Every structure is written in structure tokens, then in C-alpha cells.
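What follows is a set of notes on a single structure, which appears directly below.
This structure is a prediction, so every number in the text was calculated from the model and none was measured. Note that the numbering runs from 1 along the sequence shown for the chain.
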Amino acid sequence: MEGESTRQLRVAREIQRNLAEIIRSKGMGHFSQAMVTVSGVRVSPDLSFAKVYVSIFPSSKAQEVMGLISSEAGAYRGELGRLMAKQLRIIPEIAFFLDDSLDYVEHIEELLKK
């Protein structure tokens, strides 16, 4: 994360915490019984755009859940704005990306077992 300012890191951490709470409050039933975790957030230098990385378990439902999350991105931004209104003047645009690092680790472990 070299090159990111302290402000970017603080805003990213706060967005991650709040989005995790918003997603948790919806429950697993909303996401086809998949567990969704906000694994990271990267914020642009002008704080106008946030890339949100989500991890989905089981990974077999990842595409279905990502479609659902992406279609509701505006609603998540609105809820985030309500929670962070006192901290940020402008709530960043949000784009969700699948964090498949856990699948990659699992694949590497399988290769090492062979």
C-alpha cells in the first residue's frame, strides 16, 4: 500500500468497517446462504472512488453473490453515507471486486500436497 496517504488509509479502514456492518446486518439469507466478508478497501487520492474487495464463501456462489452486490452498490453507498455523514463531506463512488486470494491459497496448498 505504498503511496497511500494517512487520510486515504483512515477513510478506507472506516469504509471497510461500515460496509462490513451493513453487509452483516443483511444476513446470509440475503446472499443465497453465502458468507460475505469485506476483505479490503482502496480509496483514490481525491477520496472520490473506493474499490471494495469482498471474499465470498463458498466460492461456488461467488458469481451469483457478486451480481447481487454490484446491483445494490447504490444502496450500499446510500447506507454508507448515512453512517459516515459526519466524517466525510462526499461519500466515494463504490465498485465491488471479488477477492479470490483464499481460493488461490487453497489451490497452492493442493499443489504442494501432490
Side-chain angles (χ1 to χ4, degrees):
M1 285 198 216
E2 195 170 316
E4 289 187 275
S5 69
T6 305
R7 174 99 171 126
Q8 281 176 276
L9 295 172
R10 273 192 285 155
V11 168
R13 197 169 33 245
E14 194 65 24
I15 289 173
Q16 180 177 358
R17 188 179 65 78
N18 284 316
L19 277 177
E21 181 61 29
I22 292 166
I23 288 174
R24 186 199 59 76
S25 70
K26 291 199 178 285
M28 287 176 60
H30 183 73
F31 300 109
S32 305
Q33 299 303 319
M35 186 171 69
V36 180
T37 306
V38 179
S39 57
V41 175
R42 306 264 331 237
V43 180
S44 65
D46 63 354
L47 305 178
S48 66
F49 186 78
K51 291 182 179 180
V52 179
Y53 295 93
V54 293
S55 182
I56 299 168
F57 183 80
S59 58
S60 60
K61 296 183 179 185
Q63 293 306 316
E64 175 188 351
V65 174
M66 280 304 295
L68 181 64
I69 289 173
S70 294
S71 69
E72 296 177 345
Y76 291 127
R77 183 175 183 231
E79 187 70 20
L80 188 64
R82 189 182 62 73
L83 293 173
M84 296 185 70
K86 303 277 191 228
Q87 296 149 340
L88 288 176
R89 192 169 22 138
I90 298 172
I91 302 301
E93 290 292 326
I94 298 173
F96 289 94
F97 296 93
L98 181 62
D99 180 6
D100 58 357
S101 59
L102 292 177
D103 294 336
Y104 180 73
V105 167
E106 188 176 307
H107 176 70
I108 295 296
E109 286 178 354
E110 286 177 13
L111 291 175
L112 290 174
K113 286 180 183 176
K114 289 183 181 180

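- Between atom CG of residue Leu9 and atom CZ of residue Arg42 there is a gap of 8.5 Å, rounded to the nearest 0.5 Å.
- To the nearest 0.5 Å, atoms CG (Leu88) and CD1 (Ile15) are separated by 6.5 Å.
- For the pair Ser5 (side chain) and Gln8 (backbone), a donor-acceptor distance under 3.5 Å is present.
- Connection of Met66 to Tyr53 is not established within any shared hydrophobic cluster, with ILVMFWY side chains joined at heavy-atom distances below 4.5 Å, either directly or through further cluster members.
- Atom NZ of Lys61 has more than 12 neighbouring heavy atoms from other residues, nucleotides or ligands inside a 6.0 Å radius.
- Here CG of Leu80 is found 5.0 Å from CD1 of Ile94. Values are rounded to the nearest 0.5 Å.
- Atom CD of Glu79 is separated from atom CD1 of Ile91 by 11.5 Å, given to the nearest 0.5 angstrom.
- One distance of note links OG of Ser55 with CG of Leu98; it measures 7.5 Å at 0.5 Å rounding.
- With a 4.5 Å cut-off on side-chain heavy atoms, Thr37 and Phe57 do not count as touching.
- For the atom pair CG (Asn18) and CZ (Arg13), the distance works out to 12.5 Å, reported to the nearest 0.5 Å.
- For Phe97, the CZ atom counts as densely surrounded, since its 6.0 Å shell holds more than 12 non-hydrogen atoms of other residues, nucleotides or ligands.
- Met28 and Val38 fall into different hydrophobic clusters, defined by Ile, Leu, Val, Met, Phe, Trp and Tyr side-chain heavy atoms under 4.5 Å apart, directly or through other members.
- Pairing each heavy atom of Val54 with each of Phe96, the nearest pair is CG1-CD2, 4.0 Å.
- Shown here is Gln87, whose CD atom has more than 12 heavy atoms of other residues, nucleotides or ligands within 6.0 Å.
- Minimum heavy-atom separation, Ser32 to Glu64: OG-OE2, 2.6 Å.
- When all heavy atoms of Phe31 and Ile69 are compared, the closest pair comes out as CE2-CG1, 3.7 Å.
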Discussion item. What verdict does the side chain to side chain contact (heavy atoms under 4.5 Å, CB included) test give for Val41 and Glu14, after you've listed the backbone C-alpha separation in whole Å, the side-chain angles of each residue and the deciding distance to 0.1 Å?
Written reply: CA-CA 9 Å; Val41 175; Glu14 194 65 24; over 6 Å; no

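- Of the listed residues (Lys26, Arg77, His30), just one forms a side chain to side chain donor-acceptor pair (under 3.5 Å) with Glu72, and that residue is His30.
- Of all heavy-atom pairs spanning Leu47 and Pro92, the tightest one is O-CB, 3.5 Å.
- Between Glu110 and Lys113 there is no salt bridge, since no side-chain nitrogen of the basic residue lies less than 4.0 Å from a carboxylate oxygen of the acidic one.
- With hydrogens and angles ignored, the 3.5 Å screen pairs no side-chain donor or acceptor of Ser70 with any backbone N or O of Gly67.
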